[in-house]
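First listed ligand is number 1; within each ligand, the first listed atom is number 1. Just so you know, residue 1 is the first one in the sequence shown, and it goes up from there.
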Amino acid sequence: MSLIDKIDKNRLPAHIAIIMDGNGRWAKTRGLERGEGHREGVSAIRRVVEAASKASIQYLTLYAFSTENWRRPSEEVRGLMDLMVYAVSKETADLKKNGVRIRSIGDMERLPEYARTALEECVRETAGGTGLTLVLALSYSSKWELTTAAKKMAADVVKGVLQEGDIDEGTFSGYLTTGDIPDPDLLIRTGGEQRISNFLLWQCAYAEFYFTGTFWPDFGEDALYEAIIEYQRRERRYGKTSEQIESEQ
Ligand code: IPE
Ligand code: IPE
Ligand code: MG
């Protein structure tokens, strides 16, 4: 019995978010340059996207580059941008064929023009996909997103298109870059660190967290399925008691 058969199809996480960490350390343990780790990381992305589609996951969000990652050495940043452009350009046709729809979240204005154009092209080309929605978080951080949302809300209140009294959790969510995407049910972080690194702070309010020491380039289909199986062992209570949850089923 393969791992995918152990997944309960009726209790799938609708949205899985992944902090893909450990590329650099993966490379270092092999005596390779960090860039090699990032390249292997792209192969892991391909495997995980396929695996998520196969398991009928609706949304997969991948943290590919954080606002804080702009602080890395400029050659590494450039390498990551080039790799992103290469990967999206090369994969667009296959993604389209497999019904994968690409979206991006983050401060796209900070991306170099050539990277933004390549990404926009991929988003446009795959817009008709009806399978997995793959959300790429690029130049993203939650504090950036929340601050931007607060500014937009304030501007709309000034314009009179939003009333202060109408601001509730739903309106607030609508101002985030994730607008119409459901909150993640499962947040995975590879690479051994147990922190959230400014990722989807609002949206992960009730996500189940899964940390693994596996470096991202070593993560694959079975690793994803193991995380889903572990998720399905958890009881999501949302503040209620176990007894209440059981009686609702
Ligand atoms: C994650 O791997 C990829 C990005 C942040 C772009 P790292 O590059 O952070 O790898 P480590 O943490 O140094 O091993
Ligand atoms: C988080 O990884 C960001 C991405 C995976 C894109 P980092 O490796 O940059 O995180 P910190 O800074 O060590 O927390
Ligand atoms: Mg890291």
When only distance counts, is Trp26 in polar contact with ligand 1, meaning an N/O pair under 3.5 Å?
no
Pair [X] + [Y]: basic N to acidic O under 4.0 Å:
{"X": "Arg234", "Y": "Glu230", "answer": "yes"}
{"X": "Asp94", "Y": "Arg46", "answer": "no"}
{"X": "Glu36", "Y": "Arg30", "answer": "no"}
{"X": "Asp156", "Y": "Lys152", "answer": "no"}

By atom name, which N, O or S atom belonging to Asp21 lies closest to the Mg ion (ligand 3)?
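Going by distance to the Mg ion (ligand 3), the closest N, O or S atom in Asp21 is OD1.
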Would you call the rings of Phe219 and Trp216 parallel, tilted or perpendicular if under 30° counts as parallel and over 60° as perpendicular?
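Phe219 and Trp216: parallel rings.
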Indicate the ring-plane relationship of Tyr63 and Phe199, choosing parallel, tilted or perpendicular according to the 30° and 60° boundaries.
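If you compare the ring of Tyr63 with that of Phe199, the planes turn out parallel.
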Looking at His38, which atoms of ligand 1 are within less than 4.0 Å of one of its heavy atoms?
3 (C), 8 (O)
Give the protein residues with at least one non-hydrogen atom closer than 4.0 Å to an atom of ligand 2, ordered by chain and number.
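The answer is Ile19, Met20, Asp21, Tyr63, Ala64, Phe65, Ser66, Asn69, Arg72, Arg189, Arg195, Ser197, counting any residue whose heavy atom sits under 4.0 Å from ligand 2.
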Heavy atoms, side chains only, cut-off 4.5 Å: are Ile196 and Leu187 in contact?
yes
